[in-house]
Structures are given as C-alpha cells and as structure tokens.
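A short write-up of the structure that comes next.
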Amino acid sequence: MALALHSSISFINVKDNQGLKTRDEFSTIASFAQTKLLSCKLHAKSAMHEATRFSLLQGRKSEKSERLHELVAPHSHNGSSVPVFVMLPLDTISIGGSFNKVRTMYASLFALKNAGVEGVMVDVWWGLVEKEGPSKYNWEGYAELVKMVQKLGLKLQVVMSFHQCGGNVGDSCSIPLPPWVLEEMNNNPDIVYTNKSGRRNPEYISLGCDSLPVLGGRTPIQVYSDYMRSFRERFHQYLGNVIVEIQVGLGPCGELRYPSYPESNGTWRFPGIGEFQCYDKYMRASLAAAAEAIGKTDWGLEGPHDAGLYNQLPEETGFFQREGTWNTEYGHFFLEWYSGKLVEHGDKILSAAQRIFEGTGAILSGKVAGIHWHYNTRSHAAELTAGYYNTRNRDGYSAIARMLSKRGVVLNFTCMEMRDEEQPERANCSPEGLVRQVKMATKSAGTQLAGENALERYDSGAYSQVLGTSHSDSGNGLAAFTYLRMNKRLFEAENCRKFDEFVKNMSEGGRNATLPESDTSRTNLYVGFLKDHDLHKKTSIIMTGCL
C-alpha cells in the first residue's frame with residue numbers, strides 16, 4: 001500500500017526565535033496505489049476519508065463523551081512494556097490561539113499512530129491561553145487538537161506551561177508570559193528571578209513570592225490554580241480517557257529548578273556552573289529570616305560571595321572547588337535553604353493540582369532537569385545552582401522524590417538517551433550515573449519514574465541507551481517515555497525506520513535492546529521526504545505500509 005500526501009510542511013525553523021507566524025495551509029492531495037492486500041488498501045482509504053471528514057467537521061460541536069470517573073493506574077501497561085509518547089512542535093497552537101497546520105498535523109499523527117506510539121505531548125502555554133487578560137481563557141485551539149487526537153485513537157499528555165518559551169536548549173520560537181503578567185513585572189521587577197549582578201530573568205515568576213498577591217491581587221499559586229481549574233472544566237469529558245496525563249509546570253522549561261543556566265543572549269554556555277538565583281527582594285527576605293532563625297544574622301545578608309560566574313568551572317571558584325565553602329557550616333545552611341525553597345514551591349503547586357484533578361482519571365507528573373555536567377566532582381556545582389542539593393556526600397533527589405510521592409505524582413526525568421562516553425572530559429559529566437541515582441531515589445520513595453531524551457537524537461545508540469535505562473534492574477524502570485520531538489527530521493526514511501523499531505522494542509519491554517543500522521526486518525512504516533518539482537519544490541510526505 002502506498003499513500004502519498006503532498007503538503008506544505010511548516011514545522012518549526014530551529015533558528016527562528018522571532019516569534020510564531022500563522023501560515024496558510026496548502027491543499028492536500030491523496031492518491032492510492034493498487035495493492036493485492038485489500039485490507040491495507042481499505043485501511044488507507046478509511047484513514048484519508050477520516051482526515052477529510054475531520055477537516056469538514058472542525059466547526060461543529062462533537063457529541064459529549066461519557067466522563068471517566070474511576071481513577072486509573074498511572075501509565076498502566078502490560079508487563080514490562082513501556083508506552084512511548086511524542087512531543088508535538090512548540091507552535092502547535094499559534095500565537096493567536098488557533099490550531100496550526102491542521103491537515104499536516106493529522107497526517108503526522110496518523111503516521112505516529114501506525115508506528116505504534118501511545119500518544120503525544122503538547123505544551124498548553126499560559127502566554128497563549130490567558131493572553132487577553134486575567135482569568136480570560138482561550139482553550140479553543142487546544143480543543144481542536146484534543147478532538148483530533150481522540151479521533152485517531154491516541155492519548156494526550158498536556159503540560160501546564162507556566163513558563164516562557166525562548167532562551168533555553170531546544171526553544172525554537174518565542175512565547176512570552178501573558179502581557180498582563182509582563183506589565184506586573186515592569187511595575188515590580190522583583191517578582192522575577194534575579195542573580196547577584198542584578199540580571200532579571202522573565203522566564204518564570206520567582207518562587208519567593210508564591211504566596212503574595214503580586215499578580216493583580218492574586219498570588220502566583222492562585223493564578224496557576226485558577227488556570228488548571230479552568231482547563232479541567234473545559235476538558236472534563238476528555239480527562240482520564242484521552243487526556244491521560246497532566247504534567248504540571250514547576251519552573252523554567254516546566255522543570256522544578258531555578259533558571260541557573262539561561263542561554264539567552266549567550267549568558268550561559270555548557271558546561272558552565274551557572275549562578276544562584278536568590279537576589280530578588282522576596283528571596284532575600286526569606287534568606288534573612290532563615291538566618292535569623294538560627295542566630296546567624298550575617299548569613300542572611302546575601303548569597304555566597306565566592307560562587308563565581310555562569311561560565312566558570314568549579315575549581316575556578318572558592319565555593320565549588322574540591323574543599324570549598326559548599327562543604328562548610330555556612331554552605332550547608334545556604335544550600336539547605338535554597339533547595340528547600342524549591343521543594344516547597346513544587347509541593348505548593350502540586351498540592352493545588354492534586355485537589356483540582358482528583359477523581360478525573362488523569363495522572364499528574366512533575367519534571368526534574370537532568371543536570372549531568374560536573375556530576376563527577378565533589379560539589380556537583382551545576383546541580384547546586386539549579387536548586388538540587390546533591391553532592392558527593394548528600395542525595396539531593398530523595399527529598400524531591402518523596403515530595404512527589406506524597407502527592408501521587410510521577411517524576412519525569414530527562415537525559416535518558418545520554419552516555420558518559422559521549423561527553424567532553426572537561427565537563428566531568430555522568431548522565432548514566434545521574435539516571436541511576438534518580439531511579440534509586442524514586443524506587444525508595446515509592447513514586448513512578450517516566451523519562452525523556454534531553455536532546456534531539458535519531459541514532460541507534462541513543463535508542464539503545466533509552467531501552468537499557470527503561471529496565472528496572474537497578475531502581476525504578478520507566479513507566480513511560482516521551483520522545484523529543486515530532487519534526488521534519490523524524491519522518492526522514494532512515495530516522496523513521498529506527499524510531500519505528502525503537503517503539504516496537506519498548507512495547508516488548510526492551511527484550512531486543514539493540515537496533516540495526518539498516519532496515520532488514522521490513523518495518524511496518526516508512527516515511528520519507530522527497531523534492532516535488534511539480535509542486536514548486538514543496539516537501540512531500542510518503543507513507544508506505546508493508547507486511
């Protein structure tokens with residue numbers, strides 16, 4: 001069976017940081033080749049019929065589906081099978097709030113469905129949904145996406161993205177926080193994270209003001225709660241059956257961390273140690289109170305004076321060097337306060353999310369960053385500035401895992417695809433050691449572990465590494481894996497074959513943990529891109545299924 005869809009493909013340009021643009025969709029042409037396999041032919045015709053029908057019915061109201069009241073087991077799957085999800089493009093919903101490139105998205109999701117993926121993940125951007133003003137929500141673009149996912153029989157992970165898109169690894173477009181929030185920032189710059197030189201970071205509201213009415217009379221926690229409550233009310237009939245997971249944004253990039261390594265304007269470069277983000281007036285007040293409580297007033301005047309700059313290495317600073325200030329009484333005090341505030345922040349938001357989504361059938365997850373550089377040093381400097389008090393002498397992930405476990409939340413962790421041998425020697429990296437530690441922390445805490453790849457990878461080595469880390473031989477195995485990300489490269493012939501094989505191996509529990517460099521097993525799906533000179537060199541998707 002051969003199915004050709006000729007369409008303008010307008011996936012994100014990874015070099016475009018100037019904002020999102022709405023593009024006109026090009027007409028879709030479907031053609032079917034003759035085949036002796038009647039069942040495959042009928043299946044393909046049915047799929048294309050549904051694509052056309054779906055497009056025609058966009059404006060109509062769908063029938064209400066029965067709400068799922070029963071709680072379901074998180075990421076329930078058979079045996080050691082690990083369901084695979086795929087992240088959608090960051091501009092799936094346009095800056096105007098509409099569903100971008102509907103027909104192209106349908107064809108792409110159809111291909112992923114045939115590859116055997118469980119579902120997809122989408123960022124539900126605060127900066128798009130509550131753009132028009134406080135408590136003025138526009139969910140309509142996301143509603144169209146949910147209907148499409150349901151029609152294709154896929155599942156959906158949604159991320160409550162309370163952070164800015166732009167300025168970090170993988171950010172390919174710009175979606176700032178809502179304009180009314182930015183106005184509050186202009187009026188009160190201390191509501192955003194600040195470093196010791198006074199640099200403000202508008203990616204995310206500072207956790208120092210979590211419980212203060214700094215956003216038009218509401219606290220940040222109240223604003224996040226109202227947003228999640230509105231989402232629940234709008235999508236209640238899909239929760240638990242189509243929308244199976246709510247990943248609650250907890251910081252920059254949606255991760256429970258401080259913005260200690262911002263890439264915007266070249267501020268930070270790998271493998272710099274980063275900087276502490278505790279210099280807005282609300283964080284300063286908290287630090288002063290913590291120091292006064294133990295009778296060490298001088299310790300509360302400011303953060304460490306010898307912690308260095310964003311792009312320094314540990315041994316170039318007094319605080320992070322082998323026998324540095326981090327391992328003194330003052331260092332222990334500061335790091336316990338700094339990391340404790342982060343865990344407290346996560347607990348406040350997740351406590352609210354737990355109350356809001358209880359009984360809907362959707363599970364909750366929270367994301368923790370895979371900061372693997374300088375992991376092989378004594379101080380683990382890059383983790384410390386991000387808020388993870390993890391050193392040679394202390395497990396910094398157990399407290400986070402216990403907090404998530406208390407709220408019934410899955411810990412989502414990155415860098416599952418990375419190997420130690422791939423990293424530069426001067427960075428003292430150990431992504432494999434870090435993953436092992438997190439697997440053990442989640443097992444001890446009794447919470448589930450899900451994974452992601454940190455960087456875009458299409459090679460067999462990366463897939464094999466994920467397959468290996470998905471096992472529960474040491475610590476928790478993976479309850480689910482979300483692949484970063486759906487784009488043009490994923491659908492290139494060789495990449496698609498490897499991804500298809502990876503999904504199959506994950507569904508089989510990783511029993512075939514190696515992936516062939518060439519396709520010798522007649523995979524069920526082939527997606528390639530060809531130049532079509534007759535259509536003014538527009539990109540074409542070719543989907544071929546074989547038995």
Side-chain angles (χ1 to χ4, degrees), residues 1-7 9 11 28-55 77-78 81-89 92 101-122 145 147-157 242 244 458 463 480-508 512 515-516 519-530 539-547:
M1 180 267 289
L3 168 62
L5 299 179
H6 302 282
S7 159
I9 305 301
F11 289 106
T28 302
I29 304 170
S31 62
F32 295 90
Q34 292 185 349
T35 176
K36 295 180 180 179
L37 298 173
L38 180 60
S39 60
C40 290
K41 183 175 181 179
L42 291 175
H43 174 72
K45 285 186 176 179
S46 175
M48 287 309 300
H49 172 75
E50 286 298 313
T52 303
R53 182 172 178 269
F54 182 87
S55 182
H77 52 277
N78 297 325
S81 174
V82 180
V84 175
F85 292 77
V86 178
M87 294 184 200
L88 295 182
T92 293
K101 304 175 283 290
V102 174
R103 290 176 178 171
T104 297
M105 179 61 72
Y106 193 95
S108 301
L109 294 183
F110 176 67
L112 293 178
K113 173 67 175 177
N114 279 330
V117 303
E118 182 83 1
V120 292
M121 172 183 277
V122 67
L145 172 65
K147 293 174 186 176
M148 179 183 288
V149 169
Q150 180 187 44
K151 185 168 289 290
L152 283 165
L154 292 166
K155 305 299 182 184
L156 188 63
Q157 299 169 319
V242 179
V244 295
Y458 309 92
Y463 289 137
F481 179 79
T482 304
Y483 176 80
L484 182 157
R485 131 179 358 259
M486 188 182 89
N487 57 22
K488 180 177 176 179
R489 286 196 65 189
L490 178 61
F491 292 114
E492 293 173 358
E494 184 178 0
N495 293 340
C496 185
R497 286 195 294 269
K498 290 178 180 177
F499 179 75
D500 186 40
E501 189 70 20
F502 166 69
V503 173
K504 289 180 183 178
N505 280 327
M506 292 290 275
S507 70
E508 296 169 357
N512 178 17
L515 295 171
D519 182 30
T520 59
S521 59
R522 294 181 61 79
T523 56
N524 289 335
L525 176 67
Y526 163 83
V527 179
F529 282 81
L530 301 175
T539 309
S540 301
I541 302 178
I542 307 297
M543 288 190 274
T544 303
C546 54
L547 297 177

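Looking at every heavy atom in both residues, N495 comes nearest to R489 through ND2-O, 2.9 Å. Across all non-hydrogen atoms, the minimal contact from V149 to L109 is CG2-CD1, 4.3 Å. Residue P89 comes nearest to R485 through the heavy atom pair CA-CD, 4.1 Å, listed as atom of the first residue, atom of the second, then distance. Residues V120 and F85 come closest through the heavy atom pair N-CD2, 3.7 Å.
The distance from the CE atom of M105 to the CG atom of L112 is 9.5 Å, given to the nearest 0.5 Å. Separation of atoms NZ (K488) and CG (L490) is listed at 13.0 Å; rounding is to 0.5 Å. To the nearest 0.5 Å, atom CD of residue Q157 and atom CG of residue L88 are 10.0 Å apart. A distance of 8.0 Å separates CD in E492 from OH in Y458, rounded to the nearest 0.5 Å.
Taking the six-membered ring where the residue is Trp, the centroids of Y483 and F499 are separated by under 6.0 Å.
A salt bridge is defined here as a Lys NZ or Arg NE, NH1 or NH2 lying under 4.0 Å from an Asp or Glu carboxylate O, and E494 with K498 meets this definition.
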* Verify side-chain contact (heavy atoms from CB on, under 4.5 Å) between M506 and E118, making sure each step is shown before the conclusion. => CA-CA 11 Å; M506 292 290 275; E118 182 83 1; over 6 Å; no
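Residues satisfying the side chain to side chain contact (heavy atoms under 4.5 Å, CB included) criterion with K113, sequence neighbours excluded, are L154.
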